There are 2 protein chains.
Amino acid sequence: MATGRTHRPANRSRGIPEATVARLPLYLRALTALSERSVPTVSSEELATAAGVNSAKLRKDFSYLGSYGTRGVGYDVEYLVYQISRELGLTQDWPVVIVGIGNLGAALANYGGFASRGFRVASLIDADPEMAGKVVAGIEVQHSDGLEQVIEDNDVSIGVIATPAASAQPVCDRLVAAGITSILNFAPTVLSVPDGVDVRKVDLSIELQILAFHEQRKAGELSDEDAEELPQGAGEVTASPVAPPAASVTKRGSGSGKSPAGASGGTSGRNGEPGSDGDVPAVMPA
Amino acid sequence: MATGRTHRPANRSRGIPEATVARLPLYLRALTALSERSVPTVSSEELATAAGVNSAKLRKDFSYLGSYGTRGVGYDVEYLVYQISRELGLTQDWPVVIVGIGNLGAALANYGGFASRGFRVASLIDADPEMAGKVVAGIEVQHSDGLEQVIEDNDVSIGVIATPAASAQPVCDRLVAAGITSILNFAPTVLSVPDGVDVRKVDLSIELQILAFHEQRKAGELSDEDAEELPQGAGEVTASPVAPPAASVTKRGSGSGKSPAGASGGTSGRNGEPGSDGDVPAVMPA
DNA sequence: ATGTGTGAACATTTTCACAGCG
DNA sequence: CGCTGTGAAAATGTTCACACAT
């Protein structure tokens, strides 16, 4: 690791913790908002609140980047915006290709957050010949055939997959073969990629399922809910493909409002690593 | 397998770790696929591979649910599907409202993964009168005015926010006031909610930023990249609203393909907790 | 005074490695 | 013998609390 930098405020020697990296965008967002309001400085307390974390965590996070604050005062907003942007690599332009221009792909293409931070949609790709030529978010959709060419011409290293689950792996393979080393996957599938390629995934239904888990807890605090273990004679609960596993209770009997025991905060999730096969029931828009 | 199950095998007393909960949907997806292929049993190794995790983690995760496997054999697919579904609360029907029917909202409404697992779109809501009446994913979009009514009528407890950032908090407040206790937020904003309400967020641009961070690392292994600290005279890096922070280097000079040092795996992220205010540059589709 | 920066305590998660059930 | 289930170790992440720079 060309960690040439022998001099360094304090930390910042090597590796910033993943957990910290994952929060930097959050801080950046809050800081950008402050910057727009021309706020010159913020305390860790204020910024933490705006970013939705606690101040101790925020200070610890910043300590990994270096000592960018002023004791007794706080942090210089503009300066921090710059430092974090640089740390995240947003001071450079990142061309991105989006594959699969269905509702989701279109939403992504139109998403302001992309363009607003160093990301530039280099191309929109779709396998459907019908889509080719159509203009989405001001960009002409291209047919999959040109995928490799676009990646090479624009030196793209980040690809977004918004195709149906079944096409995800094939598309992924082509992206990787064409030189892409970072993939954001929206298809509900585990992508298998070679070493050196990063994959992050966003799975809408997984998030909902996690919410359902907590929701169920809130409801079942007293109600006792389901039986206990299993309804006996397992193995026959449901075998119908792509259909809801079991019964349909249409929510628990409780009213709506609050719930007894808190079970509040519990918000946090994690994305996995690459893997291998994986085909799933659900199908995405396309 | 109606395993003898001595009743509450071992763990499973209370709280399943959050990290485990977040992976259950992953296992469920892999299991559902196996179920569709009529595979009767799987070993932790096979299932782990299909889910994109390692077997030790998977076994540990399952141990929190109870002893649902058979030593020397593996796990009964159907049985596990049922157990996990039940644990996640998917054996019941969860009505969901989606607010903000732009590209993203439409993509969500059409998303097969929702319907396929206990989630039912009870209503699509949009603030734009023009949208009211239009049919998306077979459901008629309703104007925001009816929000509270819909939630009450269908006893909805989960809401999805896919509105522009500026509307997110107001919408959130209404959802909460109407009795919703779980929110999936796609708007790039920190939502502030009372205790007892869960918020999970999905931020497209944050994921990309994390990828950019790793991508930058891969490239900068030897190149030395940017200068060092700051370009001095901070405070003027950029102040333009909703515009790229700094320069535009259009990626680093490297070619496309692989990169020297690995910097492989590094895939994992985390979502934050609820917070307070927060308004941001980017704007979502709507 | 005030609020950062951080060592150290605490908590959670992951990985190891192996006893023991089928 | 093979594979689960799980204590115990290691690694990561979070929170505390306070010295100390401004």
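Not measured: the values here are computed from a predicted model. Proteins get letters first, then strands, A, B, ... in listed order; numbering begins at 1 in each. Side chains included, hydrogens not; waters and symmetry mates left out as well; all remaining heavy atoms used.
Rounded to an integer number of Å, the gap from Q83(B) CD to dT4(D) C1' is 16 Å. Summarising the geometry, the separation between OH on Y68(A) and P on dT22(D) is reported as 16 Å, rounded to the nearest angstrom. Protein atom CD of E45(A) is 8 Å distant from nucleotide atom P of dT4(C), rounded to whole Å. Atom P of nucleotide dA8(D) and atom NZ of K60(B) are separated by 10 Å, given to the nearest angstrom. At whole-Å resolution of the value, CG in L80(B) and C1' in dT4(D) are 12 Å apart. Note: CG (D61(B)) to P (dT15(C)) measures 11 Å, nearest angstrom. Regarding L58(A), its CG atom lies at a distance of 10 Å from the P atom of dG5(C), rounded to whole Å. Spacing between atom CG of L65(A) and atom P of dT4(C) amounts to 14 Å, rounded to whole angstrom units.
Side-chain nitrogen and oxygen atoms of S44(A) include at least one within less than 4.0 Å of the OP1 or OP2 phosphate oxygen of dT4(C). Between K57(B) and dT15(C) there is a side-chain N or O to OP1 or OP2 distance below 4.0 Å. Contact check, T70(B) against dG22(C): no side-chain N or O comes under 4.0 Å of OP1 or OP2. In this structure, Y64(A) does not reach the dT14(D) phosphate: none of its side-chain N or O atoms is under 4.0 Å from OP1 or OP2. Between N54(A) and dT15(D) there is a side-chain N or O to OP1 or OP2 distance below 4.0 Å.
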Discussion item. Please evaluate residues L208(B) and I158(A) with respect to the criterion side-chain contact (heavy atoms from CB on, under 4.5 Å), reporting the C-alpha separation (whole Å), side-chain torsions for both, the decisive distance (0.1 Å), and the verdict.
Written reply: CA-CA 8 Å; L208(B) 267 196; I158(A) 301 179; 3.8 Å; yes
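Here E87(A) pairs with R217(B) in a salt bridge; the nearest charged N to carboxylate O distance falls below 4.0 Å.
The distance from the OH atom of Y82(B) to the CG atom of L31(B) is 15.0 Å, given to the nearest 0.5 Å.
Within the nucleic acid shown, F62(B) has no heavy atom closer than 4.0 Å to any nucleic acid atom.
For the pair R59(A) and G72(A), nearest-nucleotide mapping onto DNA chain C gives the more 5' position to G72(A). Nearest-nucleotide mapping onto DNA chain D: of P17(A) and A56(A), the residue sitting toward the 5' end is P17(A).
Proximity note for R71(B) (side chain, C-beta onward) versus dT6(C), dA19(C), dT14(D): the nearest is dA19(C).
Taking the six-membered ring where the residue is Trp, F119(B) and F114(B) present tilted rings, their angle falling between 30° and 60°.
In this structure, the ring of Y75(B) has its center no less than 6.0 angstrom from the ring center of Y68(B).
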